[in-house]
Student: 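Below is one structure. I have some questions about it.
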There are 2 protein chains.
Amino acid sequence: MDIDLRQLRYFLAVAEELSFTRAAARLHMSQPPLSQAIAQLEAGLKTRLFTRTSRRVELTAAGQEMEAQARALIAQAERAQQQVMSVGAGRSGKIEIGATGTILRGGLAGWLADYRRHAPEVRTVIYEQAPALQVKDVLEHRTDISFNRTDLSFDRSVARHPELGCTLAWRESVSVILPRGHRLAAQDVVALADLAADEHVMLHPESSEFARYLQKSCVEAGFLPQVSQQVVDSQSIPSLIAAGFGVALVPASTARFTSNDVAFRMVAQPLVADVYMIFRQHEQSPAVHEFLRWRAECARIRPAQETPITSK
Amino acid sequence: MDIDLRQLRYFLAVAEELSFTRAAARLHMSQPPLSQAIAQLEAGLKTRLFTRTSRRVELTAAGQEMEAQARALIAQAERAQQQVMSVGAGRSGKIEIGATGTILRGGLAGWLADYRRHAPEVRTVIYEQAPALQVKDVLEHRTDISFNRTDLSFDRSVARHPELGCTLAWRESVSVILPRGHRLAAQDVVALADLAADEHVMLHPESSEFARYLQKSCVEAGFLPQVSQQVVDSQSIPSLIAAGFGVALVPASTARFTSNDVAFRMVAQPLVADVYMIFRQHEQSPAVHEFLRWRAECARIRPAQETPITSK
DNA sequence: GTTCAATCATATATTGGACATATCCATATC
DNA sequence: GATATGGATATGTCCAATATATGATTGAAC
């Protein structure tokens, strides 16, 4: 009673050849089972599909309808198979990405563009996330990959979860934001120690591993930064600097979207603003798996990772 | 390698139950062959569709895609089957109808409306045909049914073809078109014999059996009509009458679309303008077959067929 | 920690159905 | 009317889908 794609393939062969014998030859089978299969299909539909005049085979009206329907069905089955295999191989699908505001506006989309060229069928959906929620969101499948500036291998603030993996995504340099007319604005590159006397605007160290890293780096450079203001959202930093609250150390890419009320200057190495990807080690969809595999391969070929988009 | 709707039905059962055991019960089969069938499907796609954790079954990303695709495919297969069966039963399909101008404009569409209500999926396509080509067009499958005023049972002008059938479609009365101020315009009903002295406009008797029928009727009424003008297209008759070329006998429904430069009066019975359907006895599509069957049944229930639309 | 129950995978036997070979029947062609 | 062509029918064979039995894993109960 239920039709079956095999029957439809047989039907189409007969409909195209208008001959059971020729169709059977094309299907690499003998003629009787083909006749039987068609008869069975007709019985299931309670409808004749061919008129057999012992010398000529013709399609009935229902047969013509069936030809159109069968073609559409088989084509759709083909597409369905391709689509499923494509998802299975990670060539299509969806990757849910979480990122902090600075990373999202700091060139993440541009950095992803490479992969979009490599796997155009994979949709990437980017959510802006509070850093504190990123690990939780990944663990609970709300996102597949989180981009942030925390290297879980060294992070002690979140419980080191065995299910989570962490990889360096890209490496950018650190800039310092100076107010107009600051004494260091004349230099192209600023050494970290030169900022010892300035007041600093920085992110809350509790919620930002990057802030803790900067603090630690300052201490290693020989001074404990004077904090004039702590902020939650890095977007508000440039306006605070413009208002005279001091200086701020930020990832170089922050310069892309800010006015020229303030000056951006490179900070000398070895200060870096690394961006990491956090992801589940298992239970990752093929698209995510393939994405991470591709990234790992790229990193193997060209390990020196630079700022995704120059902050010029 | 080629997927098969049976596998998809199995897959959907498992995807819905998220359990091989329950799905097998729902499918009235045991669990091992179901597991095998799914494994086979996965092998064909080279893609895992479920993650089995020996306690819980879950869909992979590819499995979710497959669920959507499978639903769409099975629904389409269902629709295809319905559609083919519908065509096979004559509930849907197409009927190509040929008709002469007078019949086409004389209420054919209205007469067909009944059937369109009965079988709304059947499309009826109406072509205007020269009467001389109607039989040929039916025999050569250009049309399925011809409407005209020729009863093939008595027609001797065309070779009586054994493949052709002929049935009365409807019966209308005959009207006479009189010029303004004609002496008979005062009467509601005109007897045929009263028109003996008038000049007549009529269709070519060679191409119109109706014209021959009218001629014969006049002779039986005791006069040979004086023909002032012979026309091919009955549409031109009213204007010729208005121009004073005499009178004309026409089917009553002709009055529907003409101005009041002329007067229409009923002609006394037994003069009738019957409309017949001509069709192939065999090689008719289910839609045509079902249409004719339905008509025959209606005629059996209510044999008195009237003018399809009153010529008021 | 141990046992039990639940659940899917694997092994093996069985059966139904798809297929092939052989043949029959109808008809178009000569 | 003989022949050839092409589909239907009959019958045997073989594979594949299924059932039964069993194993393996694991979550839950105590």
Side-chain angles (χ1 to χ4, degrees), chain A residues 1-60 62-63 66-67 70 74 162-163 282-283, chain B residues 1-60 62-63 66-67 70 74 162-163 282-283:
Chain A
M1 172 202 157
D2 275 332
I3 55 177
D4 158 20
L5 291 187
R6 186 183 54 89
Q7 292 176 311
L8 295 189
R9 285 181 235 277
Y10 287 2
F11 168 82
L12 279 186
V14 178
E16 279 164 23
E17 298 288 344
L18 287 178
S19 156
F20 282 71
T21 309
R22 282 198 302 277
R26 210 177 79 176
L27 294 166
H28 306 297
M29 65 191 293
S30 63
Q31 167 260 317
L34 180 57
S35 292
Q36 284 189 346
I38 299 293
Q40 192 173 317
L41 178 60
E42 290 179 323
L45 295 167
K46 299 194 235 309
T47 307
R48 298 288 272 183
L49 300 173
F50 295 101
T51 53
R52 289 91 149 165
T53 55
S54 96
R55 200 67 181 179
R56 173 179 296 134
V57 172
E58 278 180 341
L59 283 165
T60 63
M66 177 54 108
E67 186 177 3
I74 286 178
E163 175 59 22
H282 308 100
E283 293 188 48
Chain B
M1 175 203 157
D2 275 332
I3 56 175
D4 157 20
L5 291 187
R6 184 181 55 87
Q7 292 176 311
L8 294 189
R9 285 181 237 278
Y10 288 1
F11 168 81
L12 278 187
V14 178
E16 280 163 23
E17 298 288 344
L18 288 178
S19 155
F20 282 73
T21 309
R22 282 198 301 276
R26 210 178 79 178
L27 293 166
H28 307 295
M29 66 190 292
S30 62
Q31 167 260 317
L34 180 58
S35 290
Q36 282 190 345
I38 298 293
Q40 194 174 316
L41 177 62
E42 290 178 323
L45 295 168
K46 299 193 236 310
T47 306
R48 298 288 271 184
L49 300 172
F50 295 102
T51 53
R52 289 89 149 165
T53 56
S54 95
R55 199 69 181 180
R56 173 179 297 133
V57 172
E58 278 179 342
L59 283 166
T60 63
M66 177 54 107
E67 185 176 6
I74 285 178
E163 176 59 21
H282 308 100
E283 293 189 48

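Chain identifiers are assigned alphabetically (A, B, ...) following the order of the sequence lines, protein sequences preceding nucleic acid strands; residue numbering begins at 1 within each chain. Note that this is a predicted model, so its numbers are computed, not measured.
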Student: B:Ser35 near the nucleic acid: base, sugar-phosphate alone, or nothing, with a heavy-atom cut-off under 4.0 Å?
Tutor: sugar-phosphate
Student: For A:Leu34 and D:dT9, what is the distance between atoms CG and P respectively, to the nearest whole Å?
Tutor: 14 Å
Student: Could you check which of D:dG7, C:dC8, D:dA19 has an atom nearest any side-chain atom of B:Met29?
Tutor: D:dA19
Student: Ignoring backbone atoms, test whether A:Arg52 places a side-chain nitrogen or oxygen under 4.0 Å from the OP1 or OP2 oxygen of D:dT9.
Tutor: no
Student: Can you tell me how far CD of B:Glu16 sits from CG of B:Leu59, rounded to the nearest 0.5 angstrom?
Tutor: 10.0 Å
Student: Using whole Å, what does the distance between atom C1' of nucleotide D:dT25 and atom CZ of B:Phe20 come to?
Tutor: 15 Å
Student: For D:dA8, does the base pair up with any side-chain atom of A:Gln36 as donor and acceptor (N or O, under 3.5 Å, distance only)?
Tutor: no
Student: Please state whether the rings of B:Phe50 and B:Phe11 are parallel, tilted or perpendicular, taking 30° and 60° as the class boundaries.
Tutor: tilted
Student: Separation of A:Arg56 atom CZ from C:dT29 atom C1', in whole Å?
Tutor: 14 Å
Student: Nearest whole angstrom, please: distance from the C1' of D:dG7 to the CD of A:Glu58.
Tutor: 15 Å
Student: At their closest point, which heavy atom of B:Leu27 faces which heavy atom of B:Tyr10, and how far apart are they?
Tutor: CD1-CD1, 3.7 Å
Student: Looking only at side-chain N and O atoms, does A:Gln40 come under 4.0 Å of OP1 or OP2 in C:dA18?
Tutor: yes
Student: For A:Arg6, report the nucleic acid contact type (base, sugar-phosphate, nothing); a contact means any heavy atom under 4.0 Å.
Tutor: sugar-phosphate
Student: Can you tell me the distance, in whole Å, between the CD atom of A:Glu17 and the C1' atom of D:dG7?
Tutor: 15 Å
Student: What contact category does A:Tyr10 fall into here, base, sugar-phosphate, or nothing, at under 4.0 angstrom with non-hydrogen atoms?
Tutor: sugar-phosphate
Student: Is B:Thr21 near enough to C:dA6 that one of its side-chain N or O atoms lies under 4.0 angstrom from OP1 or OP2?
Tutor: no
Student: Taking CZ from B:Arg9 and P from D:dA17, how many angstroms apart are they, rounded to a whole number?
Tutor: 15 Å
Student: Are any side-chain N or O atoms of A:Glu58 and backbone N or O atoms of A:Thr51, one a donor and one an acceptor, separated by less than 3.5 Å?
Tutor: no
Student: Hey, is the main chain of A:Glu42 close enough, under 3.5 Å, to the side chain of A:Thr47 for a donor-acceptor pair?
Tutor: no
Student: Rounded to the Å, how far apart are B:Leu27 CG and D:dT18 C1'?
Tutor: 13 Å
